[in-house]
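Below, all heavy atoms of this structure are taken into account, side chains as well, without hydrogens, waters or symmetry copies.
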Amino acid sequence: MENVQETKVKRKSPALLIAVLTAVLVIGVGSVSAFFLLNKSPKVKYLLAETKTFTQMGELFEERYQNEFDWMDVQKKKPVETTQDLSFEWNDPSAGYDMVELQRILNNTTFTMKQTKDPVKKEWEMDFSGKFGSVSSEVVTLYFTPEKMMAALPFTDKLLFFMDEDYGKMMRETDAFYEGPEKLGLSRIFEEQFSMDGEFQKYVKEEYMEYLYHELPEDAFTSEKVEIDVFGEKMKTEKVAMKLSEEQVKTLLVDLFKKAREDEKLKALLKEQIAFSTMTDDVSDQKLTELISDFETSLDEAVDEVNGWHIPNGIESTIWHKSNSIVKREFAMSLGVTEDEISTLKIAGVQSLDKSGQKWDYSFTGTDSYAQEDTVVKFTGNLAWKDGKSDDTMTITADYVDVSYKGKEELDGKKRTFNREFSISDGSFSPKLVWSGTAEHEKDSMKADHEFTIIDPTGDLSTSDIYLRLKQEGKIAKKVDMPDDSKNAVDVGKMSSDEMDELGDELATEFEKWVTDLMGDLQSELENF
């Protein structure tokens, strides 16, 4: 299944088509159908190993961060209050007067976002505020329900709101040429998923996974027992090879495109996903119709284009697995729009997925008809986990650039202490982002302290130390304190443009006075430093 993906990577296709094919081919990897358990042909062994390995990777990640996943589940079922404080620390002894002034301001400034969200009652409060020294100020408090949005501002006692169904009318009052959605889509922000999941994922798994299983020819697969070396360890494995000819690849893709082109349920579910991605209940029926029409046209064009592709060696993919866990992989495919413009992609590597750690060493080699030498990208990693402690490294090397990650973690009960370093180097410039801190997740609460800093070992950046700190706290709450919209509430969505102008003038006057008073307090605070 991964092999089919590479075909569309090599060919420029419309973004929507790529997204759907990714869902069709990749999401399908995540399920095991009944026929896998009843049939042990080489084809089934190949697909089952891909499926099990994909699932195993997810399970290992979830097991390592089980506390964090448990807290995410709490937030899906109960009202939770979370607070996030963002602050800075900047120390530069060589800074001039202006920079010293700026440092003093930043070092005494904190931005806070406090929110309480009830996923059951579908109520959400978001409060934004700031603090400079001893001077605190509210910025705005927003309230959401699936039907309306409200805003409480610090410079007026009015509660501004609009109903979601009035969003289009409100926008046209401010812009006569507005042609956007009639609803903002507030109900979407209470949905658990904004991605291709739920019914869409279930349908793709059942419909297209089974389709691929039946369409892939049995005689394209072979298997044999072999012993190989994986990171210095002799390992008995089963080698399963898939060899698809040029004609077989074209037939598989054309039939897949045609199936998707005529699949009305897929298109209906795709409409829902577009609405999710744009966070709107109503992208506008006309726009949705246009997008689906573009999708159909793209598939029609893809059918014609595939027949003209040149895939001289088809697809060759070989996996070595032990107990359905892939430990080695080789993949090769050449593709061109013409015979003179053939590009080749090769993937080769080994991997080990154990509870005590995961290792991999892969190389991606690309060749085209114009390049004088191959493009090689190496991706290596070693995620070690033992006795609640980790020592992780990951590196991507391409030409003269290295991108790397180094991390150390220690889990003591519910408390995780970590230091994670992300760096990039081209030989002369090697900045590093360091993310360190602690995180503690209980059944009914969490707290975490994060510190981010940029380090430049070469000295090309400023030698000053700049830290960004993020403090988080979360706990189960009784309820969301929604405002009383029967007092001083102003329905902006029902206003005419003249009424909006009048309200705007009134709010501008109140805002000017509020800013003047605030600036006076801030100036006094600054003088006391």
Side-chain angles (χ1 to χ4, degrees), residues 1-29 41-47 50-51 204-205 207-223 240-264 266-267 270 292-319 329-348 364-370:
M1 284 174 288
E2 286 185 348
N3 310 335
V4 181
Q5 287 178 279
E6 302 300 336
T7 303
K8 60 186 181 58
V9 169
K10 279 293 183 180
R11 184 75 178 102
K12 293 183 178 179
S13 301
L16 186 59
L17 175 58
I18 292 175
V20 173
L21 290 181
T22 300
V24 168
L25 300 178
V26 176
I27 293 178
V29 175
S41 68
K43 179 172 74 170
V44 169
K45 291 177 181 178
Y46 181 96
L47 296 177
E50 291 281 13
T51 299
V204 168
K205 284 181 179 179
E207 184 71 18
Y208 286 86
M209 184 65 175
E210 188 168 349
Y211 165 79
L212 287 173
Y213 168 75
H214 288 297
E215 292 301 313
L216 286 169
E218 289 281 356
D219 59 6
F221 296 84
T222 58
S223 67
V240 188
M242 179 182 72
K243 168 63 176 171
L244 295 174
S245 68
E246 178 179 45
E247 196 57 41
Q248 287 173 325
V249 174
K250 290 182 178 181
T251 298
L252 183 67
L253 288 175
V254 167
D255 290 346
L256 177 65
F257 293 154
K258 287 181 177 179
K259 176 178 173 61
R261 170 67 172 81
E262 303 303 324
D263 192 336
E264 296 302 324
L266 176 67
K267 287 182 279 189
L270 182 58
I292 296 302
S293 177
D294 290 342
F295 170 65
E296 293 172 338
T297 300
S298 297
L299 289 171
D300 289 336
E301 293 174 349
V303 169
D304 294 334
E305 291 172 357
V306 166
N307 288 321
W309 287 354
H310 294 269
I311 316 174
N313 300 311
I315 292 178
E316 297 177 327
S317 179
T318 304
I319 60 173
R329 180 191 300 278
E330 290 181 356
F331 171 90
M333 179 180 180
S334 296
L335 173 68
V337 179
T338 68
E339 290 184 294
D340 299 327
E341 298 179 349
I342 301 294
S343 297
T344 299
L345 173 65
K346 293 181 180 180
I347 302 173
F364 302 79
T365 304
T367 307
D368 62 45
S369 55
Y370 303 105

> Verify, without hydrogens or angle tests, whether Lys43 (side chain) and Leu216 (backbone) share a donor-acceptor contact under 3.5 angstrom.
yes
> Using ring pair (Phe, Tyr, Trp, His ring centres under 6.0 Å) as the criterion, list what pairs up with Phe221, not counting sequence neighbours.
Tyr46
> Would Trp309 and Val249 satisfy side chain to side chain contact (heavy atoms under 4.5 Å, CB included), going step by step from the backbone distance to the final call?
CA-CA 10 Å; Trp309 287 354; Val249 174; over 6 Å; no
> Does any N or O in the side chain of Lys243 come within less than 3.5 Å of the main-chain N or O of Asp219, such that one atom is a donor and the other an acceptor?
no
> Got a sec, which residues hit salt bridge (Lys or Arg N to Asp or Glu O under 4.0 Å) with Glu207, two or more places apart in sequence or on another chain?
Lys259
> Using the side chain to side chain contact (heavy atoms under 4.5 Å, CB included) rule, take Asn313 and Met333 through it: C-alpha gap first, then chi angles, then the decisive distance, then the call.
CA-CA 7 Å; Asn313 300 311; Met333 179 180 180; over 6 Å; no
> Which residues pass the side chain to side chain donor-acceptor pair (under 3.5 Å) test with Asp300, not counting sequence neighbours?
Arg261
> Between atom CG of Asp255 and atom OH of Tyr211, what is the distance when rounded to the nearest 0.5 Å?
4.5 Å
> Excluding sequence neighbours, so at least two apart, what forms side chain to side chain donor-acceptor pair (under 3.5 Å) with Glu296?
Lys267
> Who are the side chain to side chain donor-acceptor pair (under 3.5 Å) partners of Ser334, not counting sequence neighbours?
Thr344
> Is it true that a side-chain atom of Gln248 and a backbone atom of Ser245 form a donor plus acceptor pair closer than 3.5 Å?
yes
> Taking side chain to side chain donor-acceptor pair (under 3.5 Å) as the test, write out the residues that go with Glu246, two or more places apart.
none
